[in-house]
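Data block below; observations after.
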Amino acid sequence: MHAPRGIICATAMLAIASAAAAQSTAPDRVRVALDVGVQLSSVAFDTTAAKPVYLENANIDASYKMTHGLVFDGGVSVRVAGPVSVGVMVSSMTESADAAVSAAVPHPFFFKTPRSISGTAPALHREELVTHIMGIYTLHPGRALDIALSAGPSFFTVRQDVVSDITFSDTYPYDAPAFTSAASQRVKSSNTTGFNVGADVDLRLARHAGLGGSAKFSKATVPLSVPNSSTTVSVDAGGTQIAGGLRIYF
Amino acid sequence: MKRWTYLLVCLAAVLTAAGPHGQTIGGRALTIVPDSANATADWGTIVDRMVRGDELRARLERADTIVTGRRIEQLTQYYRGLQVWGGSVARQFDGASLVSIFGVIYQGLDIDVAPTIGRDAARGTIEKQGGTLLLPDTEPELVVLPAGGSFRLAWVGEASLPGDIVRFFVDATSGEIVRRYSMRQRQAANAAIGHGTGVLGDDKKMSATAVSGTFLASDPLRPPVIVTYDMKGDIFRSLNVLNNLTPLVTGDVASNTFNNWTDAAVVDAHAYSAYTYDYYFKRFGRRGLDNANRRVSNMVHPVKRSDIFDAPGEIVEQFYLNAFYCGECAGGIMVYGEGLPGGVFLENGQRWDYVSGGLDVVAHELTHGVTDFSSRLEYVNESGALNEAFSDMMGTSVEFFFQPPGNGQMQADYLIGEDVVVGVTTGAPNGIRSMANPALFGQPDHYSKRALLPPDDAHDNGGVHVNSGIPNQAFYLAIEGGTNRTSGIRVQGVGAANREQIEKVFYRAFTQLMPSSADFSMARAVTLRAAQDLYGLNSAPFNAVRDAWTAVGVN
């Protein structure tokens, strides 16, 4: 839903680039971008937790598939020489999605006789906060039109709701428990380094302002510590984003 | 204490006469085993008439837990307001239609029901035999007692002897004790899940109750209260409890501070009695002993192992080398023997461990409770042997339900008690009975070899632990198939994979369709009726049950 609008927006900006070119003057030293967009890539991962139930561990598995998060970007770049700039951009993506939960719950009366239950953990929150460091090469195909190609390292921090526990109802003879709910905890990854590549098209509408659209791909694999689990799970972060917004030049 | 032995006449001397549609009338005892739909209907009419005339009263009535829509009714015979001992009828209905009827009723009663000997005198006689006082809830009851083709008025009551619980019949005219037999239905002759170690060193979960910083062996997770009492080897207190002279109190309940149970006798009695409840519920939909979640009580450590060398023989027999169910004691309780001290074994080369360590043993005892609340099979002669056999059948079935088949410890087989009675010398067998080969333990495997013993407590109530080998063998053959060693008749069993079918047939027969005075022949008819109800006439289970009874000589 969001992607076509972003592409249309970029196309429109290109179409009016020549009209705005007359307003362009000498290259600016500082460029600020404020965008809103969407992250197109989906991320799937699984977690496993355990909690003691009836003298044994209940193993709780959850499968997550996060798609199409809303992205807010803000960044600044500084021209250092000719078409070359360096920049920094902070990107925040948020989304929520359900997770499928299954668990093997120990029997109250017998060892090694797990009982299976399944259910859904609704609306689990995910937030990616990424700082992109970019080396930028800017082309000027028209006086009002800039195309910037960028690449560099990215530093990812992910906050994710992960399933940590379940509740179930259990009645005699305790052979078929019923899933009641899943409890989750929001965990934060350590800061993890990845990379980014992207392209940005700016259409200068005034001396210090314009509109821009960007497409960016970034990626890292972040570790998440799952509550009630002795292991961490590696989760992909980032992906393809398209966004558009305001440009300010100094 | 000196034990008096009385030779008793058999329950009913049978004189042959013609009954409805060719049924047999034995003297004044009418055996109801109809062989056709018409005969069933005729007997239904007769029984209806007796109900209307207050000659039969419903003892229990409930919905069938196995065949939907069926209803089971068990009736007891009365004569001028007094129970006629052994007169009972079990009827099965589908809606309003009578499906089956089995029983024994007595005709031609004509006796004066005014006793010459009063209740107090009868109580005194029984108390003198038992050496203990009878409590108000165990007052003697006046009944009509069939005896050798005639009837006599008798007071019936139970008394706890040091080594036994005996039912006495006191002639209400002469004051003599005219019959006595043992009532011990014995083998050999806030939720907290804890960890327990069983008799065989295996890990188990203990369903315990947390109370004020400690844990009690009281299961709060199953529908009935299942509680295990630890008598801590106090034989005097054990006897007082079993004699109903002292009530069991919370302090008697086995306890553990950390819910980590290491008293193996407690662990297995508690866990296995609960498993047995589970089996009955899951297999048959039955809710415990009385099908109404009656409390299940276990008693362990009634004596100390170290006291065995000073204990009288009857105490050793009852409280060391035995387990028993006593329906009249402490509201109904299972008592598990202490076994032998380490390194001690019997002359036959068998070592006895804590008896509660045998799943089949525990299930056997609890099944006596089930029988007490269903068919009430009289614990004497063939009905007593059926009572014993049914406990063995269900004990073994519980083993197969929870344990993998095999020949080792904690593996399911057709031996009884093999996990706790172990041969330690060359050739000494494990266990106390074999359903696959009853002769291994001196039991008959064929009706022609049945033991004909006096029906008194000095002779195993007429050989109830001996002759149980015959129906036990029938049950085995109906499942596993094979050839009876005496008759040479081969049976096509339903196979181990279908053992549930035979278990259901025998359960249905023994708990719902069987009258209290059934003999082997009636058991054959009743189990065939049950097989027909469940699987149809000439179905594989029906044929297996029929052929198995034939193979053991019961027709």
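What you are looking at is a predicted structure, and each value in this text was computed from that prediction instead of being measured. Letters A, B, ... are given to chains in the order of the sequence lines, protein chains preceding strands, and every chain is numbered from 1.
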**Item:** Y277(B) ring center near Y172(A) ring center (under 6.0 Å)
**Value:** yes
**Prompt:** So how far is it from K204(B) NZ to F111(A) CZ, rounded to the nearest 0.5 Å?
**Reply:** 10.0 Å
**Fill in**
K205(B) and F110(A) have their tightest heavy-atom pair at NZ-O, 3.3 Å
**Request:** Give the minimum heavy-atom separation between Y174(A) and L221(B), together with the two atoms involved.
**Result:** OH-O, 2.5 Å
**Prompt:** If you look only at pairs with a residue in residues 98-118 of chain A, which of them pass as a salt bridge (Lys or Arg N to Asp or Glu O under 4.0 Å), with sequence neighbours excluded?
**Reply:** R115(A)-D170(A)
**Best-contacting candidate, A271(B), S207(B), P223(B), against chain A by heavy atom pairs under 4.5 angstrom** = P223(B)
**Item:** Flag if over 12 foreign heavy atoms under 6.0 Å of NZ, K282(B)
**Value:** yes
**Prompt:** Within residues 41-54 of chain A, which positions have a heavy-atom distance to chain B below 4.5 Å?
**Reply:** Y54(A)
**Message:** What's the separation between atom CG in N259(B) and atom CG in L55(A), rounded to the nearest 0.5 Å?
**Reply:** 7.5 Å
